[in-house]
Amino acid sequence: GTTLDVAAPFEIQSPEPSTTGHIFTRMGIAETLVDADPQGRLLPGLATGWSVSEDGLTWRFTLRENVLFHDGTPMTPATVAGALEIARGKPGPLASLPIAALTPEPGALVIALGEPVAALPAFLAEARAQILAPSAYGPDGQAVAVIGTGPYRVTSLTPPLSLRATAFPEYWGAQPNVPAVTYTAVGRAETRALMAESGDADFVFTLDPATVTRLSRSDAVEILSVAIPRSLLLKVNAAHPFLNSPEARRALSLAIDRAGLAQAVLRYPQGADQLFPPAMGDWHNPALDPLAHDPDAARALLAGLGWVPGPDGILSRDGQRLALTLTTYPDRPELPLVAAVLEQQFRAIGVELTINSTNSSEIPAGHQAGTLELGLLARNFALIPDPIGTILSDYAPGGDWGAMGWQNAEIAALAQALARGEGGDAERARIAAILQEQLPVIPIAWYQQTLAVRTGIEGAVIDPWERSFGLPGLRFAE
Amino acid sequence: MTLLSATDITVLDGAVRLVAPVSLTLNPGEPLVILGETGSGKSLLAQAIMGTLPASLRATGVVCIGGRSLPAGDRAAFRGLWGRQIAVLPQEPWLSLDPLMRAAPQVAEAHRLVRGLPGGAARDRAARDLQALGLGAASALYPHQLSGGMAQRVAIAAARAGGAPIVIADEPTKGLDAARRDDVAELLLGALARGGGLLVITHDLALARRIGGRLMVLRDGAVLETGATSAVLSAPQAAYTRELIAADPESWSRRVAPSEAGQTVLEARDLTLSRGGQRLVDGLTLELRAGRILGITGPSGCGKSSLGDALLGMLTPERGQITRARGLAPTAFQKLWQDPVAAFPRTRPLGQTLRDVARLHAAPPDRIGGLLDRLRLAPGLLARRPGSVSGGELQRLALLRAMLAKPRFIFADEPTSRLDPITQRDIIGLLADLARSDGLAIALVSHDPVLIERVADVTTCLPMQEGRKSARDAAIRRKDRGMERPAILR
Amino acid sequence: MTILVSRLVQAVVVALLVGAATFAMMRSLPGDAAWRIAAGRYGYDNVNVAAAEAVRAELGLDGPWLGAFLQWMGDLFRLDFGVSLVSGQPVIAEIGHQLGASLWLALAAVGLSLVIGPPLGILAGLRPGSLFDRVLLVVSTALKAVPQFLMALILILVLSVQLGWLPAAGYGQPRHFILPAFALALGLAAVNARIARDAMASVGAMPFYAFAQWKGLSRAQVLWRHGLRNVSVPLLTYLGLQFVLLVEGVVVIESIVGWPGIGHALVHAVFARDVPMVQGTALMLGLGFVLVNALIDLLAARIDPRGAR
Amino acid sequence: MTAAVLPRALPTGRILVAAILGLVAAFALLGPVLVPGDPFAQSLMKSLAGPEPAAPFGYDHLGRSLWHRLVHALRLSPLIALAAVATAAAAGLVLGVVAALRGGWVERLLVILADALLALPGLLMVLIVLAIMPGTATGFWAGLSLVLWVEFFRLTRATARATLASPAVQAARLLGFGWPYVLRTHLWPEIAPLMLTAAAFGTATAIMGIAALGFVSVGMRAPTPELGLMMVELLPYWREAPMALLTPVLATFALLLGLTLLAGGHRT
Ligand SMILES: Nc1ncnc2c1ncn2[C@@H]1O[C@H](COP(=O)(O)OP(=O)(O)OP(=O)(O)O)[C@@H](O)[C@H]1O
Ligand SMILES: Nc1ncnc2c1ncn2[C@@H]1O[C@H](COP(=O)(O)OP(=O)(O)OP(=O)(O)O)[C@@H](O)[C@H]1O
Ligand SMILES: [Mg+2]
Ligand SMILES: [Mg+2]
């Protein structure tokens, strides 16, 4: 056929970029000023180049000429400024930036900052910073239509499950090979797998581990898999009386059989032996002492903290049982599974775990309320193609999805310096080392992104930064 | 030439023989009436002849109809005769009409599909049939809008539309009052006049007299005697037939009341009753005295049972006063229900129910046994449930139960409506004895004026209130439905 | 007329009940609604304090109790369901979309089930106790004992993956209907068949059914003219009650095959604490039930003039 | 008439029902006695391994013995379902009798409430209750009871209305019996068989509902072994380990089949 069908788990809520923008950029419908390659290097997007003033406070983005929105109107500095102005008024990474002013100038957009942000271009590469035509927004700033600049133009948008788009003939860049694409949101992993298997979808995004094993034996599809800058980790309330010493956290870490988990449950090649995956490039520190599995050592550490086993094998101290609640969410199907495994592995060292699989918001909400004990989560370090944004919000000093009840002045200083554009590999290595030693979060696994492409479709690549499906590069084989 | 002859018909339930070999013939213009005790096999015999026996029963013998001879056991062989050779008249006409189809089409469909008339002609014929039966206005009504008598006539029209010369009717007047009974008899005889055959089953002697022809008396599945109807009824040969005829209320002697009347047990003054927006009783005054029997008659649906409900405090009168004698326990006022099966807990063994009552009223332990003797009931019955004793037995057990409560007043609502004459005579006799011996006040309801006239000391005839003549049919219909439906659902 | 009045009362009470229940749900759910809604809107990677506070400010989630409730019910009776907390779209518009999708699916399922179930049931009811009757009893019981999600998965595995006849999931073309409709229909047909069988058996045992044959009509004529009409009344009544069963099936099936319907929306809305959506969908389903049953009442009253049911 | 059919149809059905339910119950009760083990113990190395003496049904994806998980699941769901059915039956019985006895506005109110609840899909109500009490057996119990009582109420009220207005009850009252006696000897025998049927169906519905909710991840909390949850967990491995998936599927099927036959056998 001439239409390429994409199936992915994300639902289309509305045309609003702040909630659904990532689908529009992935599908090549909307674009951002800045683009990124698989290695995380920033590339020109709707901006052809950028420069920053000496003091790091004034950024100038040169805009691409002759870009048309899908409604036929031209993209101008004013429309770009307008779109970004609306975007930063909504929750999202832009909202947290110290932007003083967005000024359209002939052929360029000037952004004035209150303090330096070295990663600003990376922020502008994030999906919610996508540039839509003025007519895409309603009077209150909510998007009412997706009128972007990308190679594909929406022909029908039916929230929550589907979207159709065709090639936009006046696209500024090369025309895509595939003239039409559809997007279907399919929540259940097994249904997606069956769609891949039965040929109902040509491009299936995100497969569960078991499906990968199964589909890799099938001739009908090709499986692509790549490590991505996302980690599965255990968030620890370091202010909790049971968990406030690094030894206690190390004991929990030693209890985890990462290799077994990776192979049997996640079916990944290996477990995580530090927080930052190799996919994060210079943030990954190969020199670190890897995290190990040693229940005996874990028991010894806990005994050192005054915990003694009770009749049922669960430790107790001063009449208190070492019982903790682990909060997680089923949106990612592997999380409850890993939680179930942790429950047993912790029990082996005398820690009782109650699993509460609930809405994902319980973790940040519990963080804010100080009630969270343990949280099992998948953290994306590449919300913007520069991990410093996430590091800053999670560990300098702590944040909803990062460290809790734990502060480290050195990390904060290092991260803020990096954000300003000062420092390099040594600072990153030091951050990784501190996290490895203090364990405010306990890394468990590094994610693999997997997708299935129907045999006969060429040119598929996985974007580890989860920004694009790479549809314009796809081709139906002859 | 005989229209139908049946030879050596037997009906078996497994190894149990329900109908012994019976033979009969039907000749044109000469009706055959079958009389007999309840459960003697009359219905089964008729069903065997028509091939409509229930699947669980087996029949042997040979039936010859229209020159063809069919083994009675071969049900399928009869299928082609229905409607064309034999018009089968249903036992319950109001249940025999499709409740979701108007009257006329139920007749017309037989004209069209059985007799083969084209649609228009079939409709015309059906309209004419109904017209002839005085049902012209009823042709567009649904069965539930018909009275029992109307439904009966529609069913006859439908059964005969196929043009069958032989008519077999099983208790065609069951539950009907005298006027209605005569209507039906007329209808059946009318068909006979055109050279058809007629077989009627009944235990109503008056109907048998009206039909005439020949008579056959059955008992225990066997023929007791046969002969010309008038001859058998006037000079019966078998002892049972004699007893049957003697038990007819017509031949009862008048009951003599005790000379001095007892105290007043219950008094109703200026009683006015309404039900469902209809005035039933208007300004009635009556007095019940110990030892006396008050007879209550009136057409069906006139409010006899409702009056009983009011006297017993189960229905609030619209106007008027009911005064009970002072010093009597509330349980001294009892009632015998029109339908005795419905008045007992369905699933409880009868003995248990009776023992509960005895315990409640602190009756001496041998009281039940004594009453059983007196009512000529076998103690073995007590182990059974209400559904598995005969109607006559249950009616006597209901009386026994009421007696346990030491009543001073009993409202006996049609206590014999479904019984054959012999059982009927026994029960009424018993009630009369009780009134005399125990000083009981009794209100006896019956639609049979003869019976009331023979037994009651005082008689109240409830008139049908003006403007309710049409509602009367509706009442019959509703009652019968009410009684039949649970049986089907069960 | 009384049918309509009593159904109207039912509708009003349904609305009250849904209104009160969803309001109570809004107030008593564990966890903070603002957080839940933020998670629903922005996804787990992006929910944080800022997002939650933005939601809280936007929706005014901490108002006083009684005033809010009265306001709530007032809006409800003006059929103003408000705006979906997650998508920001008017609830009415969203439901309008989804209701259509579910309605077609439901109609297809009911249609299919009526084609499959009642004929088999009637066939069995004509000869109660026969081999066919007993086989049907076991088969229909077995079908009813398969959870619907399982039925859907089995059908997908067999019909799409192994045989490749039908698409496994998706929405938009007629062929997408077949599989989910069939998955729903099998369960419904199992019940329909039982109802039809029992109705036929009891109609067949009625005196009027025998009488119709005694009039001289053939078996087929009796079945056609008297059997079907009488069987249709209980079947129809039951169909109304089946609507509830159907809705439950729809919720599950839609979530499996990715059907953009109301059941799917409902599960999501409950997850995301999108209370206006829960309220809107629940109300639509409840009123749908009342409407369907009112129609069925009217239809049944046409077929069965006795009225008293 | 219909009675002629039943005697032949029932015995085979009864035996089948007894056999199926007996087998399931025996397994649930005696399973751990025959093969001792722990439904929670994992050995990741045995993930999806086949049967062996210590685990006659093999292992699930986390290397837990399916035999023991199934035993546990076959206790849990029926237990919740039975508790919910018992509550619902008791509530329905009491309210139904009250409605029939009191009549008037009490009855009208209860009927309207029941009608309205009937109009709301049961799964939705369980979902709402579960949203308030997530993942707990109590939540299920409350939600399911709330759904199931309507059926019992309607049954009881209809039967009680007819029975209490019957001549049999009038006679009992005339004879001086009190309501407790009437309810016990007249009403209960009429209602009991209907209740049994409704209870069997209700139990089946509840078990199916628990499994269905497990399937949309609102069910019991992992790692609790529950039938729906087990199916969801094992579903991805359907090709690798079809027998592992079939184990809970067949158990559910047997349980539901037994219960529906039990209910259906009475209803016809
Ligand atoms: N389907 C059946 N199976 C077994 N026994 C039956 C069946 N139908 C009737 N009987 C029995 O056969 C006997 C004759 O029944 P039948 O109905 O012919 O009596 P009947 O003379 O018509 O009585 P009635 O005057 O009460 O109508 C009765 O003892 C009855 O109990
Ligand atoms: N429970 C009731 N509610 C409303 N109307 C009733 C009720 N019972 C009887 N009726 C009506 O009251 C009228 C009188 O009924 P009732 O039973 O008193 O008549 P009856 O004289 O006993 O008749 P039958 O000889 O047929 O027994 C009828 O029109 C009937 O339809
Ligand atoms: Mg008879
Ligand atoms: Mg009467």
Side-chain angles (χ1 to χ4, degrees), chain B residues 13 54-57 95 305 308-309 311-315 329-349 352-363 385-387 398 401-407 409-411 413 482-483 485-490, chain D residues 1-12 93 97 100-104 154-198 263-268:
Chain B
D13 176 21
S56 61
L57 300 180
L95 294 178
S305 303
D309 288 350
L311 293 178
L312 288 163
M314 298 186 302
L315 174 67
T331 52
F333 297 82
Q334 290 298 328
K335 176 173 175 180
L336 298 182
W337 266 263
Q338 199 167 353
D339 174 11
V341 183
F344 279 86
R346 200 161 63 85
T347 53
R348 211 168 166 74
Q352 221 170 346
T353 303
L354 295 181
R355 277 192 293 279
D356 289 342
V357 180
R359 199 172 322 116
L360 186 71
H361 292 278
R385 286 164 198 227
R401 179 173 70 164
M403 295 308 297
L404 287 175
K406 301 188 225 53
F409 166 68
I410 288 185
F411 187 91
D413 195 351
M483 287 186 303
R485 190 163 289 173
I488 288 165
L489 292 179
R490 232 169 263 153
Chain D
M1 300 178 231
T2 34
V5 183
L6 282 186
R8 273 188 295 168
L10 265 187
T12 32
L93 189 67
V97 171
L101 264 182
R102 286 290 300 271
R154 285 161 57 96
L155 260 180
T156 308
R157 174 175 161 269
T159 318
R161 261 165 73 102
T163 310
L164 294 181
S166 72
V169 169
Q170 287 180 344
R173 299 285 296 159
L174 262 192
L175 286 163
F177 288 106
W179 285 122
Y181 176 87
V182 169
L183 296 185
R184 191 160 46 81
T185 56
H186 291 257
L187 189 55
W188 180 243
E190 298 292 331
I191 290 185
L194 301 179
M195 290 292 244
L196 187 70
T197 305
H266 265 276
R267 187 159 280 189
T268 38

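Predicted model, so just to flag it, every value in this text is computed and none were measured. The analysis underlying the following values was restricted to heavy atoms, covering all of them including side chains, and did not include hydrogens, waters or symmetry mates. Chain A is the first sequence line, chain B the second, and so forth, proteins listed ahead of strands; every chain is numbered from 1.
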- Could you tell me which portion of D:Phe177 (side chain, backbone, both or neither) has an atom closer than 4.5 angstrom to a non-hydrogen atom of chain B? both
- Short side-chain to backbone donor-acceptor contact, D:Gln170 and B:Met314, under 3.5 Å: no
- Message: Return the CZ to CG distance between B:Arg401 and D:Leu174, rounded to the nearest 0.5 Å.
- Response: 9.0 Å
- Query: Any donor and acceptor pair, going by atom type alone, linking the side chain of D:His186 with main-chain N or O of B:Phe344 inside 3.5 Å?
  - Reply: no
- Task: Determine the minimum heavy-atom distance between B:Thr347 and D:Pro189, stating which atoms define it.
- Result: OG1-CB, 2.9 Å
- Counting heavy atoms not belonging to D:Arg161, are there more than 12 under 6.0 Å from its CZ? no
- For chain D, the option from B:Asp309, B:Asp356, B:Val357 that forms the most heavy-atom pairs under 4.5 Å: B:Asp356
- Note on the structure: Looking only at heavy atoms, the pair that brings B:Ala343 and D:Ala171 closest together is O-CB, 3.9 Å
- Considering all heavy atoms of both residues, which atom of B:Pro345 and which atom of D:Thr185 are nearest to each other, and what is their separation? CB-O, 4.1 Å
- Note on the structure: NE2 of B:His361 to CG of D:Leu175, rounded to nearest 0.5 Å, is 5.5 Å
